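Report on the following structure.
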Amino acid sequence: MSQQISLPAKLINGGIAGVVGVTCVFPIDLAKTRLQNQRQGQQVYKNMIDCLIKTVRSEGYFGMYRGAAVNLTLVTPEKAIKLAANDFFRHHLAKDGRGLSVFKEMLAGCGAGMCQVVITTPMEMLKIQLQDAGRLAAQQRKPGILTPKRLVATNTVLSRYYNVVPSSAPRAVSATQIARELLHTQGIQGLYKGLGATLLRDVPFSIVYFPLFANLNKLGKPSPDSVAPFYWSFLSGCVAGSTAAVAVNPCDVVKTRLQSLNKSANEETYSGIIDCFSKIMKREGPSAFLKGATCRALVIAPLFGIVQVMYFIGVGEFIMSQSPLKLISD
């Protein structure tokens with residue numbers, strides 16, 4: 001089998017897979033963000049289903065897609081970089097066409113995780129502000145949790161867009177507006193708030209995901225030189241993705257808290273990763289680090305299953321006219 005890889009084709013595969021996957025699972029991702037940002041005594045949502053139901057009732061169907069535009073815009077380069085980088089590192093770590101050892105699989109995954117944060121950090125930063133706006137508005141409307149006088153904006157960047165005094169609904173804000181304000185007030189580092197926490201989440205995720213997927217997918221191959229059926233690649237992607245997602249969920253909780261610019265008066269502010277981790281542990285207990293774990297597993301499983309199917313079919317290679325489009329396994 002040829003060891004040549006086409007980075008443009010891999011970028012296309014990753015991009016298409018990211019767009020399709022995000023479109024399918026974004027409402028669950030929104031529920032994950034809101035559940036992770038809830039503090040004890042200030043719960044608006046009981047669980048994922050309750051969150052989605054309340055979101056539809058108060059914000060309409062499209063309320064479940066708050067922040068989807070920025071995610072769809074940036075997920076193409078984000079997924080493309082992640083997957084193409086992993087293929088690139090695997091290609092250069094392989095020797096004489098032989099399979100990679102588990103250590104080299106992990107090394108390739110580590111490299112992919114480090115490359116993707118260039119896009120992932122600002123994407124998640126902007127997405128979280130938009131996703132969490134509905135939770136803050138729901139807290140404002142629920143007198144048993146916070147009275148309007150106690151709900152204040154702790155970040156001047158967002159205060160001009162989010163009403164934090166009694167009103168019928170918060171004003172709309174776009175990712176472009178938030179990005180412009182952050183760049184104006186804090187410079188480029190404003191968009192990269194939480195970079196360390198993003199690395200802490202994405203590098204271990206890739207280290208777990210890519211070797212696990214490669215070994216699970218290998219089990220479905222009829223012979224060492226053949227290709228696993230597309231349904232096996234899909235299931236392998238789902239299992240590996242959900243496993244890695246749950247494994248790094250504590251890091252995702254810390255990242256989400258650090259990247260949330262707008263908070264209510266009773267919500268903690270954090271100076272960094274260690275401060276955030278210690279405050280969550282002290283005030284909310286170890287279980288807080290599993291908030292949104294189910295949602296995250298439900299988001300990542302089909303997302304990476306779809307990714308692997310796109311890679312199997314070879315849409316990118318077909319577009320680049322390097323190989324025929326495969327719809328069924330040989």
Side-chain angles (χ1 to χ4, degrees), residues 15-39 42-76 78-79 120 122-142 145 151 158 161-164 167-179 238 241-242 245-246 249 252-253 255-257 259-264 267 290-307:
I16 294 175
V19 170
V20 174
V22 167
T23 302
C24 294
V25 301
F26 192 83
I28 304 175
D29 186 62
L30 178 137
K32 181 219 68 161
T33 297
R34 294 186 176 182
L35 289 171
Q36 286 183 339
N37 265 330
Q38 287 193 140
R39 275 61 161 182
Q42 300 178 6
Q43 284 90 348
V44 177
Y45 314 109
K46 298 176 182 177
N47 50 48
M48 180 186 70
I49 302 299
D50 182 57
C51 179
L52 293 176
I53 291 174
K54 287 179 178 177
T55 297
V56 172
R57 286 177 179 173
S58 61
E59 304 169 54
Y61 174 79
F62 290 105
M64 294 192 298
Y65 283 87
R66 280 197 183 207
V70 65
N71 218 36
L72 288 171
T73 301
L74 295 179
V75 75
T76 298
E78 190 251 0
K79 283 290 176 288
T120 304
M123 178 184 75
E124 295 265 318
M125 177 73 178
L126 298 173
K127 181 193 72 172
I128 285 172
Q129 314 317 314
L130 299 173
Q131 286 184 328
D132 204 38
R135 179 186 67 88
L136 294 170
Q139 282 188 339
Q140 181 179 330
R141 293 192 300 268
K142 195 168 182 179
I145 295 179
L151 185 62
L158 300 181
Y161 298 115
Y162 294 134
N163 286 340
V164 290
S167 63
S168 57
R171 282 181 288 171
V173 58
S174 69
T176 303
Q177 290 171 318
I178 297 174
C238 289
S242 59
V246 173
N249 197 73
D252 191 54
V253 172
K255 183 197 72 68
T256 299
R257 296 283 182 93
Q259 290 186 321
S260 297
L261 299 178
N262 209 38
K263 303 177 187 296
S264 69
E267 290 180 354
L290 292 178
K291 285 184 176 181
T294 301
C295 293
R296 183 162 165 75
L298 290 175
V299 168
I300 296 297
L303 181 58
F304 278 88
I306 292 169
V307 164

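What you see is a predicted model; the values in this text were computed from it and never measured. Heavy-atom basis, side chains included; hydrogens, waters and symmetry copies ignored.
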Is there a side-chain contact between [X] and [Y] in this structure, where contact means two heavy atoms from C-beta onward sitting under 4.5 Å apart?
| X | Y | result |
| --- | --- | --- |
| F26 | M64 | no |
| R39 | R257 | yes |
| F304 | C238 | no |
| T176 | V70 | no |
| V253 | N249 | yes |

Give me the atom names and distance for the closest heavy-atom approach of [X] to [Y].
| X | Y | answer |
| --- | --- | --- |
| L72 | V19 | CD2-O, 3.8 Å |
| Y45 | D50 | CA-OD2, 3.3 Å |
| I128 | T256 | CD1-CA, 3.9 Å |
| I300 | S242 | CG2-N, 4.2 Å |
| V246 | A293 | CG2-O, 4.3 Å |

Test item: side-chain donor near acceptor, S260 and N37, under 3.5 Å: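 Checked: S260/N37 side chains pair up, N/O donor to acceptor below 3.5 Å.
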
Do T55 and R34 pair up side chain to side chain, a donor and an acceptor below 3.5 Å, judged on atom types alone?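 Looking only at side-chain atoms, R34 and T55 do form a donor-acceptor pair, the distance falling under 3.5 Å.
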
Could you tell me whether the side chain of Q129 and the main chain of L261 form a donor-acceptor pair under 3.5 Å?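 Flag set: sc Q129 to bb L261 pair under 3.5 Å.
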
Ignoring hydrogens and geometry, is there a side-chain-to-backbone donor-acceptor pair from E59 to V56 under 3.5 Å?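 Judged by distance alone, no pair lies under 3.5 Å.
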
In Å and rounded to the nearest 0.5 Å, what is the [atom1] to [atom2] distance from [X] to [Y]?
| X | Y | atom1 | atom2 | value |
| --- | --- | --- | --- | --- |
| D132 | Q36 | CG | CD | 10.0 Å |
| L35 | N47 | CG | CG | 7.5 Å |
| L130 | R66 | CG | CZ | 8.0 Å |
| L298 | L303 | CG | CG | 12.5 Å |
| L30 | C295 | CG | SG | 9.5 Å |
| E78 | E124 | CD | CD | 7.5 Å |

Checking side-chain hydrogen bond (donor to acceptor under 3.5 Å, both in side chains) for the pair R135/T33: CA distance, chi angles, key distance, verdict? CA-CA 10 Å; R135 179 186 67 88; T33 297; over 6 Å; no

Where at least one partner belongs to residues 290-303, residue pairs that pass side chain to side chain donor-acceptor pair (under 3.5 Å), sequence neighbours excluded: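 Qualifying pairs: E284-K291.
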
Sequence neighbours left out, what pairs pass side chain to side chain donor-acceptor pair (under 3.5 Å) with at least one residue falling in residues 21-32?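 Every pair satisfying side chain to side chain donor-acceptor pair (under 3.5 Å) with a residue in residues 21-32: D29-K127, D29-Q131, K32-D252.
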
